[in-house]
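Since this is a predicted model, take the numbers as computed values, not measurements. By convention in this document, chain letters (A, B, ...) are assigned in the order of the sequence lines, proteins followed by strands, and residues within each chain are numbered from 1.
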Amino acid sequence: MVKIEIDEDACVGCGSCVDDCPNDVYEMDEEKNKTKVVKEDDCMACLSCHEICPAEAMEHKDIHVAKRLYIDRKVSGILKKII
Amino acid sequence: MEYQIEREEKEILGDFKPELIPDACGGGIDDYEEALHVLMKFVGSMSSALEQVSGRGANAIVYQAGKRMGHEAGKMVEKTDELEKAMQELSEILGVEFFFDMWKPTNQTEYTVEKGNETVVKLIFRDCVVRQTLRRTGLPQKGPLCYLLYGYTVGAVEEVMGIKGKLDIDHVGPNACLKTLTIKWGGK
C-alpha cells in the first residue's frame, strides 16, 4: 500500500501536483493553501508529482522504485565530490 | 616507431578458436554498464533523428518494428484466449526489464472492463528500458521510442490470443507509465 507524506512546511501551494496527477490523488486544502492527499489508494506511484513539485515536498513510501539504469556512475562520482 | 592509441584500460588477450563457444558474455559490471549506456545513447539519437526526418510518421515506423518483434516473441509461448493467462505470458515475453502489472482504480471491481466486443485492461509499466533510454538521452516520453514498446506489447498479445489489439497511453511518469490495452474480439 502506497503511503504519501506531504511536508506542509515545504509545500508552496502551487497546485501543480493536483493538476498533474492522473488519478486525482491530491486536492488543494483551501484553508491552509497546501496540497492534501485524498485518494492515496489510487496512487500508481508514477511519481509525476515528484517531478513537477518545485519544493520537493512529498515522499512516497512502500512503492516499486523503477530501476535507474540511466545513471552514469562516473558523473555521479564527480558530482558527489563537488556537492 | 608505430603510433599506439593510449588507453586507461588494459587490453585483454586470449586464444580464439571458432568452435569454442564461451558460456557467458564475460566482462564485469562496468563493461555492461558502459555498453548499455552507449546503446541507450545510440537508440535515443536514432529515435530523435527519425522524428526529425519523418515527423509523426516516425511513431508508425517504430510501432511497426515493435509489433513485428512482438509477433516473433509471441510465437515462443503457448496460445490462449484467456486474458489473465495471456498477461502472464506477456510478462514472460517482456521480462523483468518491462515489469508491468494490471491496474485498476479503487472504485473499479475488476481489472477488465467489457465494452461491447472489446475488453479493456489497464497496464502499469513500472520498469521500462525505453523510459531509461529516454532519460539517459534527455528525450521526452510519449515519443517514437515509446511506440516500440506499444508495438511490442500489441504484437505479442495479438500473437498469443489471435485477436486484434491496441494500446493507448494514459499517463507517463518518471517511475511508471499507465497504458490501456484494448482487445477486440472477433478475429483479426
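- Contact annotation for residues 132-150 of chain B against chain A (heavy-atom separation below 4.5 Å, listed by residue number): B:Gln132, B:Arg135, B:Arg136.
- You'll find the side chain of B:Cys177 stays beyond 4.5 Å of the side chain of A:Cys46, heavy atoms only.
- The contact between B:Val96 and chain A is made by backbone and side chain atoms together, counting heavy-atom distances below 4.5 Å.
- For OH of B:Tyr32, the number of neighbouring non-hydrogen atoms (other residues, nucleotides, ligands) closer than 6.0 Å is greater than 12.
- Nearest heavy atom pair, residue A:Ile71 against residue B:Glu33, reads O-OE2, 4.4 Å.
- When heavy atoms are compared at a cutoff of 4.5 Å, B:Phe99 approaches chain A solely by way of its side chain, counted from C-beta outward.
- For the pair B:Thr106 and A:Lys39, the minimum side-chain heavy-atom distance is 4.5 Å or more.
- Only the side chain of A:Asn23 comes within contact range of chain B, judged by heavy atoms closer than 4.5 Å.
- Within residues 15-30 of chain B, the residues that have a heavy atom under 4.5 Å from a heavy atom of chain A are B:Ile29, B:Asp30, listed by number.
- Residues B:Glu34 and A:Lys74 are paired through a salt bridge, judged by an N-O separation under 4.0 Å between the basic side chain and the carboxylate.
- Between B:His37 and A:Tyr70, the closest heavy-atom pair is CE1-O, 3.3 Å.
- Distance alone, capped at 3.5 Å, places no donor-acceptor pair between the B:Asn175 side chain and the A:Val65 backbone.
- Within 6.0 Å of atom NZ in B:Lys79, more than 12 heavy atoms from other residues, nucleotides or ligands are found, so the atom counts as buried in its surroundings.
- A:His64 and B:Asp101 are not linked by any side-chain donor-acceptor pair at a separation below 3.5 angstrom, with hydrogens and angles left out of the test.
- Counting heavy-atom neighbours within 6.0 Å of B:Glu114 CD, excluding the residue itself, gives a total above 12.
- Here the shortest heavy-atom pairing between A:Ala66 and B:Arg126 reads CB-O, 3.3 Å.
- Within a 6.0 Å sphere centred on CZ of A:Arg73, other residues, nucleotides and ligands contribute more than 12 heavy atoms.
- Nearest approach of B:His171 to A:Asp20, heavy atoms of both residues: CE1-O, 3.7 Å.
- Applying the 6.0 Å contact sphere to NZ of B:Lys85 captures more than 12 heavy atoms from other residues, nucleotides or ligands.
- Of all the heavy atoms in A:Ala45 and B:Ala176, the pair that sits closest is O-CB, 3.9 Å.
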